[in-house]
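Let me begin by presenting the structure, written as structure tokens, before commenting on it.
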There are 2 protein chains.
Amino acid sequence: MATQTAAQRREEARLAYNAYLAGCPSRKLLDTLSDKWVSLVLAALADGPCRYSELARTVAGVSQKMLTQTLRTMERDGLVSRTITPSVPVRVDYRLTSLGEDLVPLMQAIKSWAEIHMDEVEAARQAYDSSAASGDA
Amino acid sequence: MATQTAAQRREEARLAYNAYLAGCPSRKLLDTLSDKWVSLVLAALADGPCRYSELARTVAGVSQKMLTQTLRTMERDGLVSRTITPSVPVRVDYRLTSLGEDLVPLMQAIKSWAEIHMDEVEAARQAYDSSAASGDA
DNA sequence: CAGGATCCCAGATGATACTG
DNA sequence: CAGTATCATCTGGGATCCTG
């Protein structure tokens, strides 16, 4: 036990950490919920069902890849349902499941919090930045 | 206006999107809140003030880089305060500000939601995976 | 003990082209 | 229209070394 110490211990800690996370179910969900696009898609669908192309426009800026990937994840987690209408130009609608709708107020709560405290955060940032810039003497 | 179309339009959309995000204050905060480590540090500090090294142990698995980076971000946003005690081996304590404490219940709410609905999500995932694996025939 | 500076890898994400 | 496959990229995050 001489050739390795800090590195190995760190490695162990990380494995233990991962195991901890793996064992914590809520953590896995939190992972999904904190995804950049999930919240946006959730917000977009909160207004009602939407077609793929509509979502692409509403969440403007997302690539097909990310949109599809996000939708698939959400579908897998039971947050949204996918309805295929085999018309000539295929039509696919996405809508929130009851589980997904259940989540909307949660996200809005965070958004509200953010809006309410935004000025405080802004102030904190400016104070931090200016003191850092001037060497805070 | 012939050599470029889809690509350029996409670019425009992205710029517009970024502008939108920049203009949406809550979004910027959401960015911070959804950070992988922020929630963990927040939880770690919820129990009370903590030294740098303690945090490193509590959030086991995080590297100094990420821990420092996370703490700096949170400090800048006014979520945590940093107290330096110029003793011989420098001592630095971090604690949640009132703003940060205000955020704790929010995060716990999400965690609760996740725990409550975890089984539903698990079920959805299994259903999704098995139907996908069997070709969903 | 705290943390800044660097180097580096891997996964996340974007752009494009192609298909049903 | 919806979605997949691939290639290129870009940033997050980890390991290390160094300083106050």
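Note that the coordinates shown come from a computational prediction; the quantities given were computed from them, not determined experimentally. We name chains A, B, ... by the order of the sequence lines, and we start the count at 1 in each one.
Atom CD of Q69(A) is separated from atom C1' of dT13(C) by 8 Å (rounded to the nearest Å). Rounding to whole angstrom units, NZ of residue K36(B) and P of dG12(D) are separated by 13 Å. Taking atom OH of Y94(A) as the reference point, atom C1' of dA2(D) lies 8 Å away to the nearest angstrom. The CG atom of L55(B) sits 14 Å away from the P atom of dC1(C) (whole-angstrom rounding). In this entry the distance linking CG of L71(A) with P of dG3(D) reads 7 Å, nearest Å. For the pair K65(B) NZ and dG4(C) C1', the computed distance is 11 Å after rounding to whole Å. Atom P of nucleotide dG3(C) and atom CG of L67(B) are separated by 8 Å, given to the nearest angstrom. The separation between Q64(A) atom CD and dG3(D) atom P is 11 Å, rounded to whole Å.
Under 4.0 angstrom from either OP1 or OP2 of dC1(C) there lies no side-chain N or O belonging to S87(B). The phosphate of dC1(C) has neither OP1 nor OP2 within less than 4.0 Å of any side-chain N or O from R51(B). In this model, the phosphate group of dG3(C) is not approached by any side-chain N or O of T68(B) to a distance below 4.0 Å at OP1 or OP2. Contact annotation: Y52(B) side-chain N/O to dG4(C) OP1/OP2 distance is not under 4.0 Å. Taking side-chain N and O atoms only, R82(B) has a distance below 4.0 Å to OP1 or OP2 of dG3(C).
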- prompt: What do the steps show when you test D93(B) against R95(B) for salt bridge (charged side-chain N to carboxylate O under 4.0 Å, His left out), and what is the final call?
  reply: CA-CA 7 Å; D93(B) 287 272; R95(B) 63 181 288 268; over 6 Å; no
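Inter-residue side-chain proximity for R82(B) and L71(B) is flagged as unmet; no heavy-atom pair is nearer than 4.5 Å. A heavy-atom distance below 4.5 Å is found between the side chains of V80(B) and L45(B). The closest side-chain heavy-atom distance from V90(B) to I84(B) is below 4.5 Å.
Residue E120(A) holds its CD atom at 7.5 Å from CG of D102(B), rounded to the nearest 0.5 Å.
The nucleotide whose nearest atom lies closest to any side-chain atom of W37(B) is, among dT4(D), dA15(C), dG14(D), dG14(D). Distances were taken from every side-chain heavy atom of M66(B) (C-beta onward) to each of dT13(C), dC1(C), dG14(D); the shortest belongs to dG14(D). Distance from the side chain of R72(A) is smallest to dT4(D) among dG20(C), dT4(D), dC1(C).
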